[in-house]
Structure formats: structure tokens, C-alpha cells
There are 2 protein chains.
Amino acid sequence: MTNIENLDKAFESRVRLGIMSVLNSAGQADFNTLKSMLGVSDGNLASHIKALEKLGYIETIKQFIHRKPNTSYAVTESGRKAFSAHIDALCSILKIK
Amino acid sequence: MTNIENLDKAFESRVRLGIMSVLNSAGQADFNTLKSMLGVSDGNLASHIKALEKLGYIETIKQFIHRKPNTSYAVTESGRKAFSAHIDALCSILKIK
DNA sequence: AAAAAGTACTTTGCGATGCAAAGTTAATAC
DNA sequence: GTATTAACTTTGCATCGCAAAGTACTTTTT
């Protein structure tokens, strides 16, 4: 089947797909790690993070490490499900796996 | 690796991804088949086709069938390569296959 | 012959998106 | 108190996606 409707609009952006992929496999990652892994500007990253957070797909973990502020992000349960469903849809469309 | 740069911008749109997927597995498909398989309006489909054609990823085959005009599309060699590279990039990012 | 319908577009208009660049806030270091 | 770092937010602009309407050509119907 070619059901492109099952693709999640939230993951059509390469940056948001990348964020989810990193967080999903690493468990969590902080702002600067994401920034350098994805090669995007801080403003751009922040806006994509905000979009994913607004959808409830990721959550923010703020803390201080060595007296410096550190913001980490992790995928929520709902985010994990949505991401997994998106990958399933992709695989079905692209006939992989 | 999380190299989102290897993703092809042309295939970030669900419609263009769908077009490529259908053409890639069916060999070729005509306008109305694509339209109904993807569930998009004719204007929308035409514009996405135009974009893929402009990139040299698909080619147009115009003919008459039962005295009716029929336009079919097929993936070009360069389109096949680009699509395959995009899928590889996706698989690498999503860690599938 | 005129009207209607089908195919494949193109054009228009508009709201949403993506991104760079600049500005902001708050804590820390010197 | 000045500078630096972290993490954003805001601004501005160019691009995108899409619906809706318009177009051109042909065939079918009346």
C-alpha cells in the first residue's frame, strides 16, 4: 500500500527526524550535542525542539552540571509511539525491512 | 551516524516520496493512477510531478489510449539513484534494515 | 453544430514552514 | 562590573504546499 497519510507531518523535516533519531537511540541528549550532531544553528534547533515539545513528543530536562546550565531532551512515550508509527509507515511505503 | 545532510530535499515531501515509491515499484504509472493512489488534487500532483521532472528524477510519457490522452511517468536512471541514496540515508539515520 | 465531460495542466493566492541573524535572559567566571 | 556561555525568542524573508479556479485540447453526447 502507498498510504502517505500515515506519515507524521512532524517528522517530515530532516531536523526533527534527526532529533527524534538521536534521542531515540541515545535515550537522551543535551542541546549542544544535538546542535553539533545535526549541524544546525541554535535558533533553528530550538524552534524544532519547541515544535516537538508542543506535540508532546519530547520532554525537557533542565539541570546544572558543574555549575553550568544544561538542558537535555528525551522522547516521551507518546513520542516513541508516534516515531515508531512513522517509521512503520515509511517502511511500508518504501517497502523496506 | 546521523547524517541528515544525505537526505534529499526533493523527497521530504510526502507527495513526492509517494510518487517516487509508486513509480519505482510499478515501473510506471499514469496521472490518474497516481492521483487516486496518493489522494491528492490534480493541481497539487501536477506541481509535484513538475518539480521531480525539473530535477530530472522522472520522465513523462505522453500517448493516446482509446483516443484519449494519457500521460504516464517513469523514474529516470538518475532518479532511481537519488531515490536509492535517500532511502539508504533514511535507513542509516533510522537504523533500519 | 453546440454543449458537456474528461485529461492534464497552469495560475493565483494565501497561510504555513524553514532558516539565518540578531536580540534576550540568566547564571558563571574573572 | 565586564565578558562569556547556554538556551532561547524574535524578526524578517524566501520558499513551500495546497486548494481553487482557470486553460487548452479532445472526445462524447445531444
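What you see is a predicted model, and the numbers here were worked out from it, not measured in a lab.
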Participant: Give the rounded distance in Å between these two atoms: CG of B:N44 and C1' of C:dT12.
Facilitator: 15 Å

Participant: Let me have the donor-acceptor pairs involving side chains of residues 51-64 of chain B, under 3.5 Å, with sequence neighbours excluded, atom names and distances please.
Facilitator:
from, atom 1, to, atom 2, distance (Å)
B:E53, OE2, B:T60, OG1, 2.5
B:Y57, OH, B:D8, OD2, 2.9

Participant: Please name the residue in the list B:L34, B:I49, B:V40 that meets the side chain to side chain contact (heavy atoms under 4.5 Å, CB included) test with B:V15.
Facilitator: B:V40

Participant: Which residues pass the side-chain contact (heavy atoms from CB on, under 4.5 Å) test with B:S47, sequence neighbours left out?
Facilitator: B:N44

Participant: Please list, chain by chain and in numerical order, all residues satisfying side-chain contact (heavy atoms from CB on, under 4.5 Å) with A:E77, sequence neighbours excluded.
Facilitator: A:R80, A:K81

Participant: Got A:N3 and A:S92 here, is their nearest side-chain heavy-atom distance under 4.5 Å?
Facilitator: no

Participant: Let me know the distance between CD1 of A:I19 and C1' of C:dG18, rounded to the nearest Å.
Facilitator: 13 Å

Participant: Taking only residues two or more places apart in sequence or in another chain, which ones pass side-chain hydrogen bond (donor to acceptor under 3.5 Å, both in side chains) with A:T33?
Facilitator: A:D30

Participant: Report the residues that fulfil side-chain contact (heavy atoms from CB on, under 4.5 Å) with B:A89, sequence neighbours left out, ordered by chain and then residue number.
Facilitator: B:N6, B:L7

Participant: Could you tell me which residues satisfy side-chain contact (heavy atoms from CB on, under 4.5 Å) with A:K68, sequence neighbours excluded, listed by chain and number?
Facilitator: none

Participant: Can you list everything that forms a side-chain hydrogen bond (donor to acceptor under 3.5 Å, both in side chains) with B:S13? Sequence neighbours excluded, please.
Facilitator: none

Participant: Counting C-beta onward and ignoring hydrogens, is there a side-chain heavy-atom pair between A:D42 and A:F31 closer than 4.5 Å?
Facilitator: yes

Participant: In residues 6-15 of chain B, which ones come under 4.0 Å of DNA chain D, going by heavy atoms?
Facilitator: B:S13, B:V15

Participant: Do A:L94 and B:L90 make a side-chain contact, defined as non-hydrogen atoms from C-beta onward lying under 4.5 Å apart?
Facilitator: yes

Participant: When you look at A:H86 and A:M20, which way does the side chain to side chain contact (heavy atoms under 4.5 Å, CB included) test go after all the steps?
Facilitator: CA-CA 11 Å; A:H86 179 77; A:M20 292 300 289; over 6 Å; no

Participant: To check you understand the geometry: which heavy-atom pair defines the closest contact between A:R16 and A:K9, and what is its length?
Facilitator: NH2-O, 3.8 Å

Participant: Quick check on contacts: within residues 45-76 of chain B, what sits under 4.0 Å from DNA chain C by heavy-atom distance?
Facilitator: B:A46, B:K50, B:K62, B:P69, B:N70, B:T71, B:Y73

Participant: Is the shortest side-chain heavy-atom distance between A:L38 and A:I19 below 4.5 Å?
Facilitator: yes

Participant: Using rotation axes that map the C1' atoms of four end pairs onto the next four (five pairs an end), what angle separates the end axes of the helix from C:dA1-D:dT30 to C:dC30-D:dG1, to 10°?
Facilitator: 10°

Participant: Less than 4.5 Å apart, any side-chain heavy atom of B:N70 and any of B:N32?
Facilitator: no

Participant: Near DNA chain C, which residues from residues 20-28 of chain B have a heavy atom under 4.0 Å away?
Facilitator: none

Participant: Which nucleotide span of DNA chain D, 5' end to 3' end, has atoms closer than 4.0 Å to non-hydrogen atoms of chain A?
Facilitator: D:dA6 to D:dT9

